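Keep in mind that what you see is a predicted model, and the values were worked out from it rather than measured. So you know, we letter chains A, B, ... as the sequences are listed, proteins then strands, and number each from 1.
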Protein chains: 2
Amino acid sequence: MNSKPMSESTEMYLKAIAELDDRNSVAVARLAERLSVTNVSANEMVRRLGEQGLVLHKPYKGVTLTKKGRGVASNVLRRQRLWERFLHDHLKIEWAQVYDYACSLEHATAPEVTEALAVFLGHPEICPRGNPIPAEDGSFEPLDGILLSEVEVGTAVRVLAVNATATDVLKYLQERNILPGRELEIVEAAPMQGPLTLRVEKKEVALGLSLAKFVIVEPI
Amino acid sequence: MNSKPMSESTEMYLKAIAELDDRNSVAVARLAERLSVTNVSANEMVRRLGEQGLVLHKPYKGVTLTKKGRGVASNVLRRQRLWERFLHDHLKIEWAQVYDYACSLEHATAPEVTEALAVFLGHPEICPRGNPIPAEDGSFEPLDGILLSEVEVGTAVRVLAVNATATDVLKYLQERNILPGRELEIVEAAPMQGPLTLRVEKKEVALGLSLAKFVIVEPI
DNA sequence: TGTGATAATAAGGTTAGCCATAACATTTTT
DNA sequence: AAAAATGTTATGGCTAACCTTATTATCACA
Ligand SMILES: [Mn+2]
Ligand SMILES: [Mn+2]
Ligand SMILES: [Mn+2]
Ligand SMILES: [Mn+2]
């Protein structure tokens, strides 16, 4: 049917929408930000995607993926996260860099290669950053966790996933041991959008609130 | 120094030149043919590559890689052939399709990933098609074999490499067991550019002369 | 309810790689 | 040496994604 190959740009826009908010709508300006593109360019591209039936844009209300668009996005995420696993587990590439390298490979990966890779890896369910890997049909179980930025002081939590994508942010979190599987406790929350103080691996670290929004945790 | 990333198109032109004739020069029309592009387009691109110091174009005499251009081409070939190994040996993808899939991945592969892949694969020296994999510094030992199309009737030879890249050609050769490592004998050569008759694995097969030019062999 | 912030459009440009068609130059063949 | 084949260049066009600057529409809140 509709299986003409999508451009890298198209795939990245759709993936970005899915990553920013899978269920609700995403402001075009957020998309522009994430993709390092001007608002005007993002608007143009969103119009094109709309014409192809991949997104729905309600002006002033944001963009949403259509069924078709969500399908493509899931598939890109599948390729991306499978490659993340390969790069991390088999090529021993550093955790913080894996996203970036996988983000190039994802666009150069045919369906047959994707599925062969999944078999090779043993059908993993989550990527090194803790996010679920969509199945071939696009389905996946969303994480049920909360943002670290929303947790109350005194709570002990376990990190489920890190949703950042920029290498420098990932590196920053890695250096502070804020990684999937680690346990931590919120020691203090400074007022006025101030940083959190966390106890991680018996050390105290400060973490800005905007960074804490990248971290998904569950109470333990 | 000069390590701005090359476009996919640039990499493909340089690789095509290297594949068509590594040492001598290549007619721009052959390049156009290989890349499925018009002569005019290939000429334009060759001009651009010349301006960047990647090739030298002597009008009516063909294009040659400069030192810089050959460096890039070797590197693309390294990535390509390492991916071929991975796809074939680890993902179990069919021999005839591996070139094509690797040809997409090669452009999406950062140096660190390339080297990690080489380590993972155990620094292989040849790709599944029998061609040498250039080292990180671009060096490699050229095959010393002859074209199957040049072999005299009655000679027994071993296939060293298959230089085709199109999937349908590779599939055709694979079906006839003309694969690296196989031994075969030239039974007959029809006159007037006619087909060869070969004995392969105890069966006789006919092979057109133009296809025989893709096959590199050594006498045994 | 108005005003300032935010979002969208309009208009005009750029670049890389492609295309076709036509003119011109060189090489190869007869 | 002329004709045919092949290669090159000149022109003019196209598309996808980008850009800037200016204008207009809508939303949010004081
Ligand atoms: Mn990407
Ligand atoms: Mn390629
Ligand atoms: Mn315009
Ligand atoms: Mn032009």
Side-chain angles (χ1 to χ4, degrees), chain A residues 2 4-17 20-21 24-64 69 72-73 76 103-104 106-108 193, chain B residues 2-17 20-21 24-65 69 72-73 76 103-104 106-108 192-193 210:
Chain A
N2 57 339
K4 342 133 197 179
M6 307 267 161
S7 71
E8 172 159 348
S9 204
T10 295
E11 291 193 337
M12 285 306 285
Y13 272 83
L14 297 176
K15 188 180 83 164
I17 296 169
L20 285 168
D21 194 329
N24 306 303
S25 79
V26 172
V28 177
R30 292 296 80 59
L31 204 47
E33 209 172 73
R34 159 80 65 131
L35 296 166
S36 303
V37 140
T38 63
N39 273 14
V40 175
S41 297
N43 266 286
E44 280 175 357
M45 189 61 174
V46 162
R47 182 183 44 70
R48 271 176 242 133
L49 295 174
E51 285 164 3
Q52 295 173 259
L54 295 165
V55 303
L56 203 135
H57 181 206
K58 290 198 179 168
Y60 301 99
K61 297 295 174 188
V63 233
T64 334
V72 176
V76 178
C103 187
S104 297
E106 65 192 358
H107 312 289
Q193 316 280 48
Chain B
N2 57 339
S3 55
K4 346 134 198 186
M6 306 268 162
S7 71
E8 172 160 348
S9 204
T10 295
E11 290 193 339
M12 285 307 285
Y13 272 83
L14 298 176
K15 188 180 83 164
I17 297 168
L20 285 168
D21 195 327
N24 306 303
S25 78
V26 172
V28 176
R30 293 296 79 58
L31 204 47
E33 211 171 72
R34 159 80 64 131
L35 296 167
S36 304
V37 141
T38 64
N39 272 14
V40 175
S41 296
N43 266 285
E44 282 174 355
M45 189 61 174
V46 162
R47 182 183 44 70
R48 270 176 242 131
L49 295 173
E51 285 166 2
Q52 296 172 257
L54 295 165
V55 302
L56 204 134
H57 181 207
K58 290 198 179 168
Y60 302 99
K61 297 296 173 188
V63 236
T64 335
L65 293 171
V72 176
V76 179
C103 187
S104 297
E106 66 192 359
H107 312 289
M192 300 179 64
Q193 315 279 49
S210 50

d(OH, B:Tyr13; P, C:dA16) in whole Å: 14 Å
Rounded to the nearest 0.5 Å, how far apart are NE2 of A:His57 and OG of A:Ser25? 9.0 Å
B:Ile17 and side chain to side chain contact (heavy atoms under 4.5 Å, CB included): which partner among B:Val46, B:Leu31, B:Thr64, B:Leu54? B:Leu31
Given side chains that start at C-beta, do those of B:Tyr13 and B:Val37 come closer than 4.5 Å, heavy atoms only? yes
Reckon A:Ser9 has a side-chain N or O less than 4.0 Å from the OP1 or OP2 of D:dC18? yes
For a quick test of reading the model, state the closest non-hydrogen atom pair linking B:Lys15 to B:Val76 and the distance between them. CD-CG1, 3.6 Å
How do B:Thr10 and A:Ala27 order along DNA chain C: which one's closest nucleotide is nearer the 5' end? A:Ala27
Among the nucleotides D:dC19, C:dA7, D:dA17, whichever has the atom closest to the side chain of A:Arg30 is C:dA7
DNA chain C-proximal residues of residues 38-62 of chain A, any heavy atom under 4.0 Å: A:Val40, A:Asn43, A:His57, A:Pro59, A:Tyr60
Side chains of B:Met6 and B:His107: does their closest heavy-atom pair fall under 4.5 Å? no
To the nearest 0.5 angstrom, please state how far the CD atom of A:Glu44 sits from the CG atom of A:Asn39. 11.5 Å
